[in-house]
Amino acid sequence: MIKLTQPQPQVYLETYGCQMNVADTETVTAVLRRAGYSSATRPEDADVILLNTCAIREHAEERVIGRLSDLARLKRERPALKLGLLGCMAQHNRETLLAKAPWLDLVAGPDAYRRLPELLGHDGFDPAVDVRLDRGETYADLSPEYMAGVRAYVTAMRGCDRFCTFCVVPYVRGRERSVPPGAIMREVHALAARGVKEIVLLGQTVNAYRHDATDFGALLRQVARVAGVERIRFTSPHPCDMTDSVIDAMAAEPKVQPYLHLPVQSGSDRVLHAMARGYTVTHYLDLVGRLRRTIPALALSTDIIVGFHGEEESDFAATIALMRAVGYDSAFSFKYSVREHTRAHRLGDSVSEEEKGRRLAEVIALQEMISLEHNRALIGSEFPVLVEGPARRGAGRLAGKTPQFKTAVFPDTAAIKPGNIVNVRVESATGHSLAGVIV
Ligand code: SAM
Ligand code: SF4
């Protein structure tokens, strides 16, 4: 075991990347708590520092390498300090990583968290490495230590079987597996008992969830029956798995909120085919039409990649046309980043950095315009807002989310607490938020 001056070793965890990683950090915290570790709030106070990393784009990896160099200073001052890397980057490129950061003590992939106490006990000269992927690991028996406020993220499914040609997720997170519904429901009941009002079900293709006879529509209906849970969301659904069962559950269950993050990636059939996304623009637009007819209040957001290998100006124009046709409420857009191990890796990178930058700027500018238009059209309307806490900007204001997952800010009054749902009438809007008064 590591030699420590305190009775309980302290661990400092830092999380990069998506909500799945945030949820994984909560599982890691629970594993380490059971093994006798407590949490440090600053790296300077910790006996163990763990970075839970993201490998989705090169930029994400560069950030972590930079951070590791900063932390190496602490390690020089205190050689007994253990420094470890968890998650997708650990899985993706461990050799390069260990060459760039030879002072690492530990490298553990997303299926190795159960073994962390053992790995931390390793005292050899070489770092402890465990990047075995495990088709059966769902951590279903482990209750994560949620950092939840009014909203909690519950993992419904791990891994991904879709193998989109640009994406590293299936290689770093392994094959798709669903958490048994009983384990999900146990977490949801415990969270509701703690006062959590909103549950977000998580998975890389969360709507492909299936465990024996329970599909994702059935899971949504089960979660909706839990008293105390007021709102249910999920992310990210894949367009191909948007079955009638899921759409019907969304329409039938008032707790399932009218908001969907439905990644499209591109508006060109040629590019969608090269990405192996499994749908065409027509399929996607049909789905959007069906969703909007069934759930009239629905807000939509998406992910867009610009500059995928082979993306011509005409393909990009098709993406812009699709954005206009759908009219998303918001969009996350990324420059294509070639990732080792993926199928598109060997194709190369035909669009220059400069051109990717230009296309990205155009997507962002268009989305800002559409978001602003949508939000301005809401002025005068009223929405039930789940209060989260003080607004980031502007003292004396509270912030929360509308059913459509739009941020609403309004004047603070002593009577209102996080977790309350208040009716807000919108008085002004930007592309990113709504401002109003309680009515
Ligand atoms: N599973 C989700 C889906 O298929 O819709 C997405 C998960 S991924 C963590 C989040 C987003 O990152 C993707 O939707 C995609 O837009 C983006 N992304 C993934 N790989 C990328 C790459 N190589 N370069 C740029 N963006 C990428
Ligand atoms: Fe990656 Fe595609 Fe799986 Fe999403 S569905 S995680 S983009 S492989």
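Indexing begins at 1, ligand by ligand and atom by atom, following the structure's order. Note that these values count all heavy atoms, side chains included, but never hydrogens, waters or copies made by symmetry.
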Salt bridge between Glu311 and Arg359, side-chain N to carboxylate O under 4.0 Å?
-> yes
Polar atom proximity, Phe166 to ligand 1 (N or O, under 3.5 Å) = yes
So for Arg57 against ligand 1, with non-hydrogen atoms under 4.0 Å, the contacting part is side chain
Those atoms of ligand 1 less than 4.0 Å from some heavy atom in Gln265 | 5 (O), 13 (C), 14 (O), 15 (C), 16 (O)
For the residue pair His341 and Tyr171, does the interplanar ring angle fall in the parallel (under 30°), tilted (30 to 60°) or perpendicular (over 60°) class?
-> tilted
Under 4.0 Å from a heavy atom of Arg162: give me the atoms of ligand 2 that qualify, with their elements.
-> 5 (S)
Atoms of ligand 2 less than 4.0 Å from Pro170 heavy atoms?
-> 8 (S)
When you check the gap from the basic side-chain N to the acidic O, do Asp111 and Arg173 get nearer than 4.0 Å?
-> no
Polar-atom distance check: Tyr336 versus ligand 1, any N or O pair below 3.5 Å?
-> no
Of all the heavy atoms in Arg277, does at least one lie under 4.0 Å from an atom in ligand 2?
-> yes
If you measure from the Lys or Arg side-chain nitrogens to the Asp or Glu carboxylate oxygens, is any gap between Asp134 and Arg115 under 4.0 Å?
-> no
Atom indices of ligand 2 within 4.0 angstrom of Gln204 heavy atoms, with elements = 6 (S)
Looking at Phe334, does the NZ or CZ of Arg57 lie under 6.0 angstrom from its six-membered ring centre and within 45 degrees of the ring axis?
-> yes
Numbering the atoms of ligand 1 from 1, which are under 4.0 Å from a heavy atom of Lys335?
-> 24 (N), 25 (C)
Taking only non-hydrogen atoms of Pro263 and a 4.0 Å limit, the atoms of ligand 1 in range are 3 (C), 5 (O)
Counting from 1 in the order shown, the ligand 2 atoms closer than 4.0 Å to a non-hydrogen atom of Cys167 are 1 (Fe), 6 (S), 7 (S), 8 (S)
Is Cys160 close enough to atom 3 (Fe) of ligand 2 to have an N, O or S atom under 2.8 Å?
-> yes
Presence of salt bridge, Asp24 and Arg158, under 4.0 angstrom | yes
Residues Asp47 and Lys82 bridged, charged N to O under 4.0 Å | no
Residue, atom name and distance, where the atom is the protein heavy atom closest to atom 2 (Fe) of ligand 2 = Cys164 SG, 2.3 Å
Kindly confirm or rule out an N or O of His238 lying under 3.5 angstrom from an N or O of ligand 1.
-> no
List every atom of ligand 2 that sits less than 4.0 Å from any heavy atom of His238, numbering the atoms from 1 in the order shown and giving each element.
-> 5 (S)
Do Tyr139 and Glu137 have side-chain N/O donor and acceptor atoms under 3.5 Å apart?
-> no
Please round to the nearest 0.5 Å and tell me the distance separating atom NZ of Lys100 and atom CD of Glu95.
-> 13.0 Å
More than 12 heavy atoms from other groups under 6.0 Å of CD on Glu354 = no
Which atoms from ligand 2 have a heavy atom of Phe163 less than 4.0 Å away?
-> 8 (S)
For atom NE2 of His283, is the number of surrounding heavy atoms from other residues, nucleotides or ligands below 6.0 Å larger than 12?
-> no
Selected option - heavy-atom contact closest to atom 9 (C) of ligand 1, from Thr342, Ile56, Val206, Asn21 | Ile56
Closest non-hydrogen atom pair, Lys401 against Arg151 | CG-NH2, 3.4 Å
Going by the 4.0 angstrom heavy-atom rule, the piece of Arg277 near ligand 1 is side chain
Over 12 foreign heavy atoms within 6.0 Å of CZ, Arg63 | no
So the atoms of ligand 1 within less than 4.0 Å of a heavy atom of Arg339 turn out to be 23 (N)
Nearest neighbour of atom 7 (C) of ligand 1 from the list His261, Met275, Gln204, His345, on a heavy-atom basis = Gln204
Whether Arg162 lies under 4.0 Å from ligand 1, heavy atom | no
Give a yes/no verdict on whether any heavy atom in Ile305 is under 4.0 Å from an atom of ligand 1.
-> yes
Where on Ser236 is there a heavy atom closer than 4.0 Å to ligand 2, on the side chain, on the backbone, on both, or on neither?
-> neither
Before accepting this row, confirm whether a basic side-chain N of the pair Asp349/Lys356 lies closer than 4.0 Å to the acidic partner's carboxylate O.
-> yes
Is it the side chain, the backbone, both or neither of Phe166 that has a heavy atom closer than 4.0 Å to ligand 2?
-> side chain
Below 3.5 angstrom, do we get any N/O pair linking Asp303 and ligand 1?
-> yes
Nearest protein heavy atom with distance in Å, relative to atom 24 (N) of ligand 1 = Ser337 N, 3.0 Å
Donor-acceptor side-chain pairing of Ser301 and Tyr259 below 3.5 angstrom = yes
Taking only heavy atoms of Thr205, which atoms of ligand 2 are found under 4.0 Å from at least one of them?
-> 5 (S)
Establish, from distance only, whether the side-chain atoms of His345 and Thr342 form a donor-acceptor pair under 3.5 Å.
-> no
